[in-house]
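What follows is one structure encoded as structure tokens, with my remarks underneath.
Values below: all heavy atoms of this structure, side chains included; hydrogens, waters and symmetry mates excluded.
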Amino acid sequence: MADSPVIARLRARLAMQIQAPLAVSAGPQQHVFDEESAAYAEIEVRRDDDFAIVIVIGGLPSEQFVVEVWHRHVREVWLVDPSDEAVYVARADELPRRFDRGQTVRSPELPGVAIAVDALFALAS
């Protein structure tokens, strides 16, 4: 399944900025953690076998349940909301932050990475 344009742009920007030991997934992935717990990620950034962050499509508060499921396995979840042209960063035990056009997303989980929200929602030329 092909990425949406915004996810494709985000994956490309992450791949250009992230260095080993971190790695960006090549595509989306469904994870089944146990009989009662599963979650889907558009993009995963991993440090070896551990998740550094996961990225899903959606916004808050509508996707709060998805964030709670992921927080059992990863400290930070990014939600990309194409309709509001925003990125939410939900870190475990912290209030989520919303990044809008004109802002840049940075994370302590991804040292040196800076993602301009404008670049994700750029119109095709």
Side-chain angles (χ1 to χ4, degrees):
M1 183 172 173
D3 286 336
S4 70
V6 68
I7 292 297
R9 285 189 287 272
L10 178 53
R11 187 184 309 281
R13 279 164 176 74
L14 287 168
M16 286 188 303
Q17 294 183 44
I18 287 178
Q19 299 177 11
L22 296 172
V24 179
S25 63
Q29 181 74 36
Q30 175 71 39
H31 295 275
V32 177
F33 300 112
D34 56 45
E35 291 179 7
E36 298 176 1
S37 180
Y40 182 82
E42 298 288 345
I43 301 171
E44 303 168 8
V45 178
R46 288 184 175 252
R47 183 178 295 105
D48 300 317
D49 290 333
D50 297 325
F51 295 108
I53 69 165
V54 295
I55 300 167
V56 297
I57 292 282
L60 291 174
S62 62
E63 299 298 333
Q64 184 61 40
F65 177 75
V66 172
V67 170
E68 290 171 8
V69 169
W70 269 116
H71 275 166
R72 296 178 198 154
H73 308 282
V74 64
R75 177 155 173 73
E76 186 169 290
V77 179
W78 292 14
L79 297 107
V80 177
D81 189 338
S83 61
D84 283 348
E85 296 188 340
V87 177
Y88 295 85
V89 175
R91 290 181 56 81
D93 302 322
E94 295 180 17
L95 291 175
R97 294 186 57 204
R98 178 182 165 136
F99 295 85
D100 293 299
R101 284 183 165 274
Q103 296 182 300
T104 301
V105 182
R106 291 182 173 85
S107 167
E109 304 298 325
L110 307 176
V113 173
I115 305 294
V117 175
D118 285 334
L120 302 180
F121 300 106
L123 297 174
S125 51

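Side chain of Gln103 to main chain of Val117: no donor-acceptor pair is present (N/O by atom type, distance under 3.5 Å, no hydrogens or angles). Looking only at distances, no side-chain donor or acceptor of Arg97 sits under 3.5 Å from a matching main-chain atom of Val89. Under the 3.5 Å distance criterion, the side-chain polar atoms of Arg47 are left unmatched by any main-chain donor or acceptor of Ala52.
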Next on the checklist: Set out, in order, the CA-CA distance, both residues' side-chain angles and the distance that settles side chain to side chain contact (heavy atoms under 4.5 Å, CB included) for Val80 and Phe121, then state yes or no.
Outcome noted: CA-CA 10 Å; Val80 177; Phe121 300 106; 4.0 Å; yes
Checklist entry - Tyr40 and Val56: side chain to side chain contact (heavy atoms under 4.5 Å, CB included), yes or no, with the steps? => result CA-CA 7 Å; Tyr40 182 82; Val56 297; 5.6 Å; no
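For residues 96-115, no pair satisfies ring-ring contact (aromatic ring centres under 6.0 Å, His included), with sequence neighbours left out. Sorted by first and then second residue, the ring-ring contact (aromatic ring centres under 6.0 Å, His included) pairs involving residues 61-80 (not counting sequence neighbours) are His31-Trp70, Phe33-Trp70, Phe33-His73, Phe51-Trp70.
Residue Ile55 is not grouped with residue Val67 when hydrophobic side chains (ILVMFWY) are merged at heavy-atom distances under 4.5 angstrom, including chains of intermediate members. Val66 and Ile7 fall into different hydrophobic clusters, where Ile, Leu, Val, Met, Phe, Trp and Tyr side chains are chained together by heavy-atom contacts under 4.5 Å. Taken together through direct or relayed side-chain contacts under 4.5 Å among Ile, Leu, Val, Met, Phe, Trp and Tyr, Val105 and Ile18 form part of one hydrophobic cluster. A chain of hydrophobic side-chain contacts below 4.5 Å, direct or via other Ile, Leu, Val, Met, Phe, Trp or Tyr residues, connects Val87 to Ile53.
Taking CG from Leu10 and CD1 from Ile115, the interatomic distance works out to 6.0 Å, rounded to the nearest 0.5 Å.
Gln30 CD: more than 12 foreign heavy atoms inside a 6.0 Å radius. Around the CD atom of Glu94, the shell of radius 6.0 Å holds more than 12 heavy atoms that belong to other residues, nucleotides or ligands.
The two residues Gly59 and Asp81 come nearest to each other via the heavy atoms CA-OD2, 3.7 Å. The shortest heavy-atom contact between Ala90 and Leu79 is CB-CD1, 4.5 Å. Closest approach of Gly112 to Gln17, counting heavy atoms only: O-OE1, 3.8 Å.
Taking the side chain as every heavy atom from C-beta outward, Arg13 and Leu120 approach each other to under 4.5 Å. Side-chain contact check for Leu22 versus Val113: every heavy-atom pair is 4.5 Å or farther apart.
Residues satisfying the side-chain hydrogen bond (donor to acceptor under 3.5 Å, both in side chains) test with Arg11, not counting sequence neighbours, are Asp3, Ser25. Qualifying side-chain hydrogen bond (donor to acceptor under 3.5 Å, both in side chains) partners for Ser62, counting only residues two or more places apart in sequence or in other chains: none. A search for side-chain contact (heavy atoms from CB on, under 4.5 Å) contacts involving Asp48 returns nothing, not counting sequence neighbours. Among residues two or more places apart in sequence or in another chain, the side-chain hydrogen bond (donor to acceptor under 3.5 Å, both in side chains) test is passed with Arg98 by Tyr88, Asp100.
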